[in-house]
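Worksheet: one structure, shown below.
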Amino acid sequence: MDVSLLQEVPHRRLNPLTREWVLVSPHRTKRPWLGRVERTAAANLPVYDPTCYLCPGNERADGARNPKYASTFVFDNDFAALLPNAPTFEADEGGLLVARAERGICRVICFSPRHDLTVPRMSPKEICEVIRVWTEEFRGLGEMDWVRHVQIFENRGTLMGASNPHPHCQVWANASVPVLPEKELASFREYREAKKSCLLCDYLQLELRNRQRVICENEGFAIVVPFWAVWPFETLLLSKRHFASLEELGGAEVDLLADILRRITIRYDNLFETSFPYSMGFHQRPTDGQEYPEWHFHAHYFPPLLRSASVQKFMVGYEMLANPQRDITAESAAKSLREAPEIHYLERV
């Protein structure tokens, strides 16, 4: 592969997980327009906010009151997108008007009682506790006989729709497998049948050999900017050992996962010296009781920032009507993230 051409010539890159294309236009980084300027996130938040509906002891919007929790705190979302007792129905008019009921459970996990403590500023021990809760929720929800998929995700920052800066994430359990995990499952299976190996195992080994898009790694996990990245500073977290879910973490892997989560989010914050917004989520095997030997544990980070703390990437026009497009190449983005330090900018002397 001629890397110099990838940095100069418009081209398309294939995402083997979804089998979709992204248009890369590296020459457009020379254009003068810098994009719409957004307000940056506040750097210093209080340890406790009496108006925050996620802080310990405070009242939530539906009138329930949080306990005075000292570590993590899990509760059913007061305004859930999915309901566990949704009535069953199906509709189909000529294959054009098709609908069916979807049962589900939506929960919120507060990472810490501290209003100001995000993942990059949490201790490894505190992050390990969050991973323990993620694992418990995945296991408990997945064991319900009607739940086929459990999605753990974090929306960080107002640019990603987070209505509250208190450190938290969500867990949605579905009666069906959602669109993106279903696409990935099909790709995993097709690759395994064709090559008798794992798609992401092979991809990770390729990335570790050429080093162009690797950001950081430890004994258990690696972070790369995927070759097919859509968002400017999108990253992919990959386990080095082949396994399918948080339940299968063994030995020192909980500590190693906490380490890699902390390191990539510190680099994100340091890139533009801001509380870096993103949507992050783990992709794990379906939870219908079947075996999924082809599934490889991974997580996606989708951040919206383009070239500064106040300039956002928008998916409009061609992206909405044709296919995703980016100007900054994955290799350039990886270089910027790789060069970002791993001591948080707010903690430097």
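This is a predicted model, so every value here is computed, not measured.
- There is a side-chain donor-acceptor pair under 3.5 Å between Glu331 and Gln7.
- Between the side chains of Asp327 and Ser25, no donor N or O sits under 3.5 Å from an acceptor N or O.
- Inspection of the Arg156 and Ser275 side chains reveals an N or O donor paired with an N or O acceptor under 3.5 Å.
- In this model, no donor atom of one side chain and acceptor atom of the other lie less than 3.5 Å apart for Asn174 and Ser176.
- Checking His300 against Glu234 by side-chain atom types alone, no donor-acceptor pair falls below 3.5 Å.
- At a cut-off of 3.5 Å, with distance as the only test, no side-chain donor of Glu136 or Trp134 sits close to an acceptor on the other residue.
- No side-chain heavy atom of Leu305 sits less than 4.5 Å from a side-chain heavy atom of Pro232.
- With a 4.5 Å cut-off on side-chain heavy atoms, Ser187 and Arg19 count as touching.
- Salt-bridge check for Lys125 with Glu129: failed, with every basic side-chain N at 4.0 Å or more from each acidic carboxylate O.
- Side-chain contact of Asn58 with Asn66: a donor-acceptor pair under 3.5 Å is absent, judged by distance alone.
- Between Met122 and Arg262, the closest side-chain pair of non-hydrogen atoms is not below 4.5 Å.
- Exactly one residue among Asp269, Thr118, Ile266, Thr265 makes a side-chain contact (heavy atoms from CB on, under 4.5 Å) with Phe276. That residue is Asp269.
- Taking CD1 of Ile260 as the start and CD1 of Ile127 as the end, the distance is 11.0 Å to the nearest 0.5 Å.
- A salt bridge (charged side-chain N to carboxylate O under 4.0 Å, His left out) with Arg189 is found for one member of Glu294, Glu291, Glu182 and no other, namely Glu294.
- Among pairs with a residue in residues 87-124, those fulfilling ring-ring contact (aromatic ring centres under 6.0 Å, His included) read His115-His166, at least two apart in sequence or across chains.
- Residues passing the ring-ring contact (aromatic ring centres under 6.0 Å, His included) test with Tyr203 are Trp228, sequence neighbours excluded.
- By the 4.5 Å heavy-atom criterion applied to side chains, Asp76 and Ile105 are counted as neighbours.
- Remark: the Ser112 side chain and the Glu126 side chain contain no N/O donor-acceptor pair separated by less than 3.5 Å.
- Annotation: side-chain contact (heavy atoms from CB on, under 4.5 Å) contacts of Asp78 (sequence neighbours excluded): Arg60, Asp62, Phe75.
- Ionic pairing of Glu217 and Arg211 is present here: one or more N-O contacts between side-chain nitrogen and carboxylate oxygen are shorter than 4.0 angstrom.
- Screening residues 83-92 for side-chain hydrogen bond (donor to acceptor under 3.5 Å, both in side chains), with sequence neighbours left out, gives no hits.
- Put simply, the side chain of Ile264 does not reach to within 4.5 Å of the side chain of Leu237, judged on heavy atoms.
- Here Phe302 and Phe153 keep their ring centres 6.0 angstrom or further from each other.
- With sequence neighbours excluded, no residue satisfies ring-ring contact (aromatic ring centres under 6.0 Å, His included) with His11.
- A distance of 6.0 Å or more separates the ring centres of His296 and His298.
- A salt bridge does not link Glu219 with Lys240: every distance from a Lys NZ or Arg NE/NH1/NH2 to an Asp or Glu carboxylate oxygen is 4.0 Å or more.
- There is no side-chain donor-acceptor pair under 3.5 Å between Asn155 and Tyr278.
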Show which side-chain atoms of residues 142-152 pair as donor or acceptor with protein atoms under 3.5 Å away, not counting sequence neighbours.
residue : atom : partner : partner atom : Å
Arg148  : NH2  : Asp288  : OD2          : 3.2
Gln151  : NE2  : Phe282  : O            : 2.9

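- The residues Glu319 and Lys313 are annotated as salt-bridged, a charged nitrogen and a carboxylate oxygen being separated by less than 4.0 angstrom.
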